[in-house]
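Start at 1 and go down the list; that is how both ligands and their atoms are numbered. Every heavy atom of this structure was used, including side-chain atoms; hydrogens, water molecules and symmetry mates were not.
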Amino acid sequence: MLQKIIVTGGCGYIGSHTVVELISNNFEVVIIDDLSNSNKKTLERITKITGVCPSFEHIDLKDIEKTKSIFKKHNDAVAVIHFAAFKAVAESVKEPLMYYRNNLLSLINILEFQIEEGITNFIFSSSATVYGAPEKLPITEKNEVQRPFSPYGNTKKIAEEILEDLVKTSSNLSAISLRYFNPIGAHESGFLGELPNGIPNNLMPYITQTAAGIREELHVFGNDYDTKDGTPVRDYIHVVDLAEAHLKALQRLLNKEQEKPLEIYNLGTGNGYSVLEIIKSFEKTTNTSLNYKIVKRRPGDVEKLYADTTLAEEKLNWKCKHGIDEMIASSWKWEENLKNEQ
Ligand code: UDP
(Lines give C-alpha, C1' and ligand atoms only; values in the text may rest on other atoms or scores of the structure.)
Protein backbone atom coordinates (compact mmCIF):
# COMPACT_ATOMS: atom_id res chain seq x y z
CA MET A 1 0.00 0.00 0.00
CA LEU A 2 1.31 3.43 -0.97
CA GLN A 3 1.44 6.16 1.66
CA LYS A 4 -1.22 8.78 1.06
CA ILE A 5 -0.39 12.50 1.06
CA ILE A 6 -2.98 15.28 1.00
CA VAL A 7 -1.79 18.20 -1.13
CA THR A 8 -3.88 21.35 -0.88
CA GLY A 9 -3.47 23.67 -3.86
CA GLY A 10 -2.08 20.73 -5.84
CA CYS A 11 -3.33 22.21 -9.13
CA GLY A 12 -1.29 25.38 -8.60
CA TYR A 13 2.23 26.18 -9.74
CA ILE A 14 4.41 24.81 -6.94
CA GLY A 15 1.77 22.32 -5.79
CA SER A 16 1.53 20.59 -9.17
CA HIS A 17 5.30 20.18 -9.49
CA THR A 18 5.38 18.73 -5.98
CA VAL A 19 2.58 16.31 -6.86
CA VAL A 20 4.68 15.06 -9.80
CA GLU A 21 7.63 14.57 -7.47
CA LEU A 22 5.47 12.69 -4.92
CA ILE A 23 3.90 10.37 -7.50
CA SER A 24 7.30 9.69 -9.06
CA ASN A 25 8.49 8.65 -5.60
CA ASN A 26 5.62 6.23 -5.07
CA PHE A 27 3.28 8.24 -2.90
CA GLU A 28 -0.47 8.28 -3.41
CA VAL A 29 -1.72 11.85 -3.76
CA VAL A 30 -5.06 13.46 -2.99
CA ILE A 31 -5.31 17.01 -4.26
CA ILE A 32 -7.67 19.44 -2.56
CA ASP A 33 -8.15 22.59 -4.63
CA ASP A 34 -10.95 25.13 -5.11
CA LEU A 35 -9.55 26.05 -8.57
CA SER A 36 -9.83 29.74 -7.68
CA ASN A 37 -6.43 30.42 -9.22
CA SER A 38 -5.72 27.17 -11.02
CA ASN A 39 -7.12 24.85 -13.63
CA LYS A 40 -8.46 21.29 -13.58
CA LYS A 41 -6.49 20.64 -16.76
CA THR A 42 -3.43 20.45 -14.53
CA LEU A 43 -4.62 16.95 -13.54
CA GLU A 44 -4.24 15.87 -17.19
CA ARG A 45 -0.80 17.46 -17.32
CA ILE A 46 0.30 15.59 -14.17
CA THR A 47 -1.08 12.35 -15.65
CA LYS A 48 0.80 12.92 -18.91
CA ILE A 49 4.09 13.25 -17.02
CA THR A 50 3.65 10.55 -14.36
CA GLY A 51 1.16 8.13 -15.91
CA VAL A 52 -0.96 8.48 -12.75
CA CYS A 53 -3.98 10.71 -12.20
CA PRO A 54 -4.13 11.87 -8.58
CA SER A 55 -7.47 11.89 -6.72
CA PHE A 56 -9.09 15.29 -6.75
CA GLU A 57 -11.42 16.96 -4.22
CA HIS A 58 -12.90 20.24 -5.37
CA ILE A 59 -13.61 22.03 -2.12
CA ASP A 60 -13.14 25.38 -0.48
CA LEU A 61 -11.06 24.86 2.66
CA LYS A 62 -12.79 27.80 4.37
CA ASP A 63 -15.90 25.61 4.52
CA ILE A 64 -15.71 23.98 7.95
CA GLU A 65 -18.14 21.11 7.33
CA LYS A 66 -16.71 20.15 3.95
CA THR A 67 -13.14 20.31 5.23
CA LYS A 68 -14.06 18.16 8.22
CA SER A 69 -15.66 15.52 6.02
CA ILE A 70 -12.81 15.44 3.49
CA PHE A 71 -10.29 14.82 6.28
CA LYS A 72 -12.54 12.07 7.68
CA LYS A 73 -12.72 10.49 4.23
CA HIS A 74 -8.92 10.59 3.84
CA ASN A 75 -7.94 9.86 7.41
CA ASP A 76 -5.53 7.19 6.20
CA ALA A 77 -3.26 9.97 4.90
CA VAL A 78 0.13 10.28 6.60
CA ALA A 79 0.81 13.97 5.89
CA VAL A 80 -0.60 17.23 4.56
CA ILE A 81 1.34 19.58 2.31
CA HIS A 82 -0.49 22.90 2.33
CA PHE A 83 -0.03 25.15 -0.72
CA ALA A 84 -3.58 26.48 -1.16
CA ALA A 85 -3.50 30.25 -0.61
CA PHE A 86 -4.01 33.57 -2.32
CA LYS A 87 -0.65 35.04 -3.31
CA ALA A 88 -1.01 38.32 -5.21
CA VAL A 89 0.76 40.99 -3.19
CA ALA A 90 -0.95 44.06 -4.70
CA GLU A 91 -4.39 42.46 -4.52
CA SER A 92 -3.82 41.71 -0.85
CA VAL A 93 -3.14 45.40 -0.19
CA LYS A 94 -6.50 46.25 -1.78
CA GLU A 95 -8.42 43.37 -0.21
CA PRO A 96 -6.77 42.58 3.14
CA LEU A 97 -9.79 40.86 4.66
CA MET A 98 -10.14 38.56 1.67
CA TYR A 99 -6.51 37.50 2.18
CA TYR A 100 -6.69 37.08 5.95
CA ARG A 101 -9.97 35.19 5.62
CA ASN A 102 -8.84 32.86 2.88
CA ASN A 103 -5.27 32.13 3.95
CA LEU A 104 -5.89 31.88 7.68
CA LEU A 105 -9.32 30.24 7.92
CA SER A 106 -8.26 27.48 5.53
CA LEU A 107 -5.10 26.89 7.55
CA ILE A 108 -7.04 26.72 10.83
CA ASN A 109 -9.60 24.30 9.39
CA ILE A 110 -6.94 22.01 7.95
CA LEU A 111 -4.96 21.89 11.17
CA GLU A 112 -8.02 21.29 13.30
CA PHE A 113 -9.33 18.42 11.21
CA GLN A 114 -6.06 16.75 10.36
CA ILE A 115 -5.23 16.61 14.07
CA GLU A 116 -8.74 15.33 14.84
CA GLU A 117 -8.14 12.51 12.34
CA GLY A 118 -4.68 11.72 13.70
CA ILE A 119 -2.75 13.03 10.66
CA THR A 120 0.19 14.56 12.50
CA ASN A 121 2.60 15.65 9.74
CA PHE A 122 2.26 19.06 8.13
CA ILE A 123 4.36 21.00 5.60
CA PHE A 124 3.64 24.68 5.07
CA SER A 125 4.35 26.96 2.09
CA SER A 126 5.92 30.01 3.61
CA SER A 127 7.88 32.79 2.02
CA ALA A 128 11.04 34.88 2.34
CA THR A 129 8.66 37.82 2.62
CA VAL A 130 8.64 37.13 6.39
CA TYR A 131 12.16 38.61 6.53
CA GLY A 132 10.85 42.02 5.40
CA ALA A 133 13.80 44.20 4.37
CA PRO A 134 16.66 42.23 5.95
CA GLU A 135 19.68 44.00 7.34
CA LYS A 136 21.90 40.94 7.13
CA LEU A 137 22.61 39.04 3.90
CA PRO A 138 22.62 36.22 3.00
CA ILE A 139 19.48 35.49 4.99
CA THR A 140 19.69 32.63 7.47
CA GLU A 141 16.73 31.23 9.36
CA LYS A 142 18.08 33.12 12.38
CA ASN A 143 17.46 36.48 10.66
CA GLU A 144 14.82 38.45 12.46
CA VAL A 145 11.26 38.00 11.18
CA GLN A 146 9.77 41.40 10.40
CA ARG A 147 6.28 42.63 9.76
CA PRO A 148 5.89 41.93 6.00
CA PHE A 149 4.90 44.85 3.78
CA SER A 150 1.68 43.29 2.52
CA PRO A 151 -1.32 41.50 4.02
CA TYR A 152 -0.33 38.53 1.84
CA GLY A 153 3.09 38.41 3.48
CA ASN A 154 1.56 38.91 6.88
CA THR A 155 -0.66 35.84 6.40
CA LYS A 156 2.57 33.82 6.04
CA LYS A 157 4.02 35.31 9.21
CA ILE A 158 0.81 34.77 11.19
CA ALA A 159 0.52 31.22 9.86
CA GLU A 160 3.98 30.40 11.19
CA GLU A 161 2.99 31.90 14.54
CA ILE A 162 -0.13 29.72 14.60
CA LEU A 163 2.05 26.67 13.97
CA GLU A 164 4.48 27.76 16.67
CA ASP A 165 1.65 27.98 19.20
CA LEU A 166 0.02 24.76 18.09
CA VAL A 167 3.08 22.54 18.38
CA LYS A 168 3.38 23.64 22.02
CA THR A 169 0.06 22.00 22.84
CA SER A 170 -0.55 18.27 23.04
CA SER A 171 -1.61 18.24 19.38
CA ASN A 172 1.21 15.82 18.38
CA LEU A 173 1.68 17.97 15.33
CA SER A 174 5.04 17.79 13.56
CA ALA A 175 5.44 20.68 11.15
CA ILE A 176 7.97 22.03 8.69
CA SER A 177 7.64 25.51 7.28
CA LEU A 178 9.47 26.16 4.02
CA ARG A 179 10.35 29.77 3.24
CA TYR A 180 10.55 30.09 -0.53
CA PHE A 181 12.66 32.69 -2.23
CA ASN A 182 11.66 33.31 -5.90
CA PRO A 183 10.40 30.17 -7.64
CA ILE A 184 10.59 30.23 -11.44
CA GLY A 185 11.03 27.62 -14.18
CA ALA A 186 8.86 24.75 -15.29
CA HIS A 187 8.91 20.97 -15.63
CA GLU A 188 11.51 19.83 -18.17
CA SER A 189 8.82 18.07 -20.21
CA GLY A 190 7.26 21.46 -21.01
CA PHE A 191 3.86 20.07 -19.91
CA LEU A 192 3.68 21.82 -16.53
CA GLY A 193 4.51 25.36 -15.45
CA GLU A 194 3.21 28.62 -14.05
CA LEU A 195 -0.15 29.73 -15.40
CA PRO A 196 -1.11 33.07 -13.87
CA ASN A 197 -4.71 34.20 -14.16
CA GLY A 198 -4.79 37.53 -15.98
CA ILE A 199 -1.86 39.92 -15.91
CA PRO A 200 1.14 38.36 -14.16
CA ASN A 201 2.54 40.05 -11.05
CA ASN A 202 5.83 38.19 -11.02
CA LEU A 203 8.85 38.86 -13.14
CA MET A 204 9.36 35.59 -15.02
CA PRO A 205 5.82 35.05 -16.34
CA TYR A 206 5.76 38.71 -17.33
CA ILE A 207 9.02 38.23 -19.26
CA THR A 208 7.85 35.09 -21.07
CA GLN A 209 4.46 36.60 -21.89
CA THR A 210 6.15 39.72 -23.28
CA ALA A 211 8.49 37.63 -25.41
CA ALA A 212 5.49 35.59 -26.61
CA GLY A 213 3.69 38.76 -27.68
CA ILE A 214 0.91 38.48 -25.06
CA ARG A 215 2.17 41.61 -23.24
CA GLU A 216 3.52 44.57 -25.10
CA GLU A 217 6.32 45.62 -22.80
CA LEU A 218 7.95 44.60 -19.54
CA HIS A 219 8.23 47.33 -16.93
CA VAL A 220 11.38 47.14 -14.83
CA PHE A 221 10.43 48.63 -11.48
CA GLY A 222 13.31 50.98 -10.67
CA ASN A 223 17.04 51.10 -11.45
CA ASP A 224 18.10 53.34 -8.57
CA TYR A 225 18.64 50.66 -5.93
CA ASP A 226 21.99 50.13 -4.27
CA THR A 227 22.82 47.00 -6.30
CA LYS A 228 25.30 46.08 -9.05
CA ASP A 229 23.18 47.61 -11.85
CA GLY A 230 20.57 49.49 -9.82
CA THR A 231 17.80 46.87 -10.17
CA PRO A 232 16.67 44.69 -7.24
CA VAL A 233 18.37 41.39 -6.52
CA ARG A 234 16.51 38.14 -5.85
CA ASP A 235 17.32 34.49 -5.28
CA TYR A 236 15.55 32.65 -8.12
CA ILE A 237 15.02 28.93 -7.55
CA HIS A 238 13.90 26.27 -10.04
CA VAL A 239 10.40 25.02 -9.18
CA VAL A 240 11.52 21.41 -9.66
CA ASP A 241 14.27 21.88 -7.05
CA LEU A 242 11.67 23.44 -4.79
CA ALA A 243 9.34 20.47 -5.32
CA GLU A 244 12.15 18.11 -4.44
CA ALA A 245 12.75 19.98 -1.19
CA HIS A 246 9.13 19.22 -0.22
CA LEU A 247 9.80 15.53 -0.79
CA LYS A 248 12.89 15.72 1.43
CA ALA A 249 10.94 17.56 4.14
CA LEU A 250 8.24 14.89 3.94
CA GLN A 251 10.78 12.10 4.28
CA ARG A 252 12.27 13.86 7.31
CA LEU A 253 8.83 13.95 8.95
CA LEU A 254 7.94 10.36 8.06
CA ASN A 255 11.32 9.07 9.26
CA LYS A 256 10.85 11.03 12.50
CA GLU A 257 14.17 12.80 12.02
CA GLN A 258 12.90 16.14 13.24
CA GLU A 259 14.81 17.83 16.01
CA LYS A 260 11.90 20.06 17.05
CA PRO A 261 8.17 19.96 16.41
CA LEU A 262 8.32 23.00 14.12
CA GLU A 263 11.31 23.31 11.83
CA ILE A 264 11.85 26.18 9.42
CA TYR A 265 13.99 26.16 6.29
CA ASN A 266 14.97 28.69 3.64
CA LEU A 267 14.59 27.37 0.11
CA GLY A 268 16.73 29.30 -2.31
CA THR A 269 19.96 28.77 -4.22
CA GLY A 270 22.11 31.28 -2.35
CA ASN A 271 22.75 33.23 -5.58
CA GLY A 272 21.37 36.70 -6.19
CA TYR A 273 20.47 37.97 -9.67
CA SER A 274 19.30 41.46 -10.58
CA VAL A 275 16.26 42.10 -12.77
CA LEU A 276 18.52 43.26 -15.63
CA GLU A 277 20.67 40.13 -15.29
CA ILE A 278 17.55 38.00 -15.61
CA ILE A 279 16.50 39.93 -18.71
CA LYS A 280 19.98 39.54 -20.28
CA SER A 281 20.05 35.82 -19.46
CA PHE A 282 16.61 35.43 -20.96
CA GLU A 283 17.67 37.18 -24.16
CA LYS A 284 20.81 35.06 -24.41
CA THR A 285 19.18 31.73 -23.55
CA THR A 286 16.23 32.22 -25.90
CA ASN A 287 18.01 34.22 -28.55
CA THR A 288 15.28 36.86 -28.49
CA SER A 289 15.20 40.54 -27.73
CA LEU A 290 12.88 41.64 -24.96
CA ASN A 291 10.88 44.84 -25.11
CA TYR A 292 11.33 46.50 -21.73
CA LYS A 293 11.56 49.91 -20.14
CA ILE A 294 12.66 51.23 -16.78
CA VAL A 295 9.82 52.75 -14.77
CA LYS A 296 9.55 53.93 -11.18
CA ARG A 297 9.93 51.64 -8.20
CA ARG A 298 7.08 49.32 -7.22
CA PRO A 299 5.94 50.15 -3.67
CA GLY A 300 6.97 47.54 -1.13
CA ASP A 301 9.83 46.05 -3.17
CA VAL A 302 12.93 45.14 -1.18
CA GLU A 303 16.41 45.92 -2.52
CA LYS A 304 18.17 42.58 -2.06
CA LEU A 305 17.02 39.15 -0.95
CA TYR A 306 19.05 35.97 -1.14
CA ALA A 307 19.25 32.95 1.06
CA ASP A 308 21.82 31.18 3.12
CA THR A 309 20.85 27.60 2.27
CA THR A 310 23.18 25.79 4.65
CA LEU A 311 20.46 24.56 7.00
CA ALA A 312 18.31 22.98 4.28
CA GLU A 313 21.39 21.37 2.73
CA GLU A 314 22.44 19.87 6.06
CA LYS A 315 19.14 18.82 7.54
CA LEU A 316 17.05 18.04 4.47
CA ASN A 317 19.99 16.62 2.56
CA TRP A 318 18.92 18.76 -0.37
CA LYS A 319 20.68 21.03 -2.81
CA CYS A 320 19.49 22.85 -5.93
CA LYS A 321 20.50 21.11 -9.12
CA HIS A 322 19.41 23.69 -11.69
CA GLY A 323 21.13 26.93 -12.64
CA ILE A 324 19.60 30.15 -13.87
CA ASP A 325 19.86 29.24 -17.58
CA GLU A 326 17.88 26.04 -17.02
CA MET A 327 15.28 27.97 -15.05
CA ILE A 328 14.86 30.44 -17.88
CA ALA A 329 14.96 27.87 -20.69
CA SER A 330 12.28 25.72 -19.02
CA SER A 331 10.03 28.76 -18.40
CA TRP A 332 10.30 29.65 -22.07
CA LYS A 333 9.66 26.07 -23.25
CA TRP A 334 6.48 26.05 -21.17
CA GLU A 335 5.33 29.40 -22.57
CA GLU A 336 5.94 28.22 -26.13
CA ASN A 337 4.06 24.98 -25.49
CA LEU A 338 1.13 26.96 -24.10
CA LYS A 339 1.08 29.03 -27.26
CA ASN A 340 1.01 25.89 -29.40
CA GLU A 341 -1.89 24.51 -27.36
CA GLN A 342 -4.12 27.48 -28.30
N1 UDP B 1 9.75 43.03 -11.38
C2 UDP B 1 9.82 43.95 -12.44
N3 UDP B 1 8.78 43.95 -13.33
C4 UDP B 1 7.70 43.11 -13.24
C5 UDP B 1 7.66 42.20 -12.15
C6 UDP B 1 8.70 42.20 -11.24
O7 UDP B 1 10.77 44.73 -12.57
O8 UDP B 1 6.80 43.19 -14.08
C9 UDP B 1 10.85 43.00 -10.41
C10 UDP B 1 10.43 43.35 -9.00
O11 UDP B 1 10.56 44.74 -8.79
C12 UDP B 1 11.42 42.54 -8.16
C13 UDP B 1 11.75 41.33 -9.03
O14 UDP B 1 11.33 41.67 -10.35
O15 UDP B 1 12.61 43.27 -7.99
C16 UDP B 1 11.03 40.09 -8.59
O17 UDP B 1 9.64 40.39 -8.47
P18 UDP B 1 8.53 39.28 -8.30
O19 UDP B 1 7.20 39.97 -8.27
O20 UDP B 1 8.71 38.21 -9.33
O21 UDP B 1 8.87 38.61 -6.90
P22 UDP B 1 9.04 39.27 -5.43
O23 UDP B 1 10.51 39.24 -5.16
O24 UDP B 1 8.44 40.63 -5.45
O25 UDP B 1 8.30 38.30 -4.56
Next on the checklist: Parallel, tilted or perpendicular: which one describes the rings of His82 and Phe122, with boundaries at 30° and 60°?
Outcome noted: tilted
Next on the checklist: When you compare ligand 1 with Pro232, is there at least one nitrogen or oxygen pair between them that comes in under 3.5 angstrom?
Outcome noted: no
Number the atoms of ligand 1 from 1 as they appear, then name those within less than 4.0 Å of a heavy atom of [X], with their elements.
{"X": "Asn201", "result": "5 (C), 19 (O)"}
{"X": "Tyr236", "result": "13 (C), 16 (C)"}
{"X": "His219", "result": "2 (C), 3 (N), 4 (C), 7 (O), 8 (O)"}
{"X": "Val220", "result": "7 (O)"}

Provide, to 0.1 Å, the distance between [atom] and the closest protein heavy atom, together with that atom's residue and name.
{"atom": "atom 20 (O) of ligand 1", "result": "Leu203 N, 2.8 Å"}
{"atom": "atom 23 (O) of ligand 1", "result": "Arg234 NE, 2.6 Å"}
{"atom": "atom 10 (C) of ligand 1", "result": "Asp301 OD2, 3.4 Å"}
{"atom": "atom 21 (O) of ligand 1", "result": "Asn182 ND2, 3.1 Å"}
{"atom": "atom 1 (N) of ligand 1", "result": "Phe221 CD1, 3.7 Å"}
{"atom": "atom 18 (P) of ligand 1", "result": "Asn202 ND2, 3.5 Å"}
{"atom": "atom 19 (O) of ligand 1", "result": "Arg298 NH2, 2.9 Å"}

Item to check | Test item: Asn172 side-chain N/O and Thr120 main-chain N/O as donor-acceptor pair under 3.5 Å | outcome: no
Can you give each donor-acceptor pair under 3.5 Å made by side-chain atoms of residues 176-183, sequence neighbours left out, with the distance rounded to 0.1 Å?
from, atom 1, to, atom 2, distance (Å)
Ser177, OG, Glu160, OE2, 2.8
Arg179, NE, Glu160, OE1, 3.3
Arg179, NE, Glu160, OE2, 3.0
Arg179, NH1, Tyr131, OH, 2.9
Arg179, NH2, Glu160, OE1, 2.5
Tyr180, OH, Ser125, OG, 2.8
Tyr180, OH, His246, NE2, 2.7

Checklist entry - Among Glu257, Glu141, Glu259, which residue meets the salt bridge (charged side-chain N to carboxylate O under 4.0 Å, His left out) test with Lys315? => result Glu259
Next on the checklist: Does only the side chain of Leu218 get under 4.0 Å from ligand 1, or the backbone, or both, or neither? Count heavy atoms.
Outcome noted: side chain
Checklist entry - Side-chain donor-acceptor pair under 3.5 Å between Glu117 and His74, yes or no? => result no
Item to check | Side-chain donor-acceptor pair present, Thr140, Asp308, cut-off under 3.5 Å | outcome: no
Does [X] come within less than 4.0 Å of [Y], counting only side-chain N to carboxylate O?
{"X": "Lys4", "Y": "Asp76", "value": "yes"}
{"X": "Lys68", "Y": "Glu116", "value": "yes"}
{"X": "Lys66", "Y": "Asp60", "value": "no"}

Item to check | Pick from Thr231, Val275, Ile184, Ile278: the one approaching atom 9 (C) of ligand 1 most closely through a non-hydrogen atom | outcome: Val275
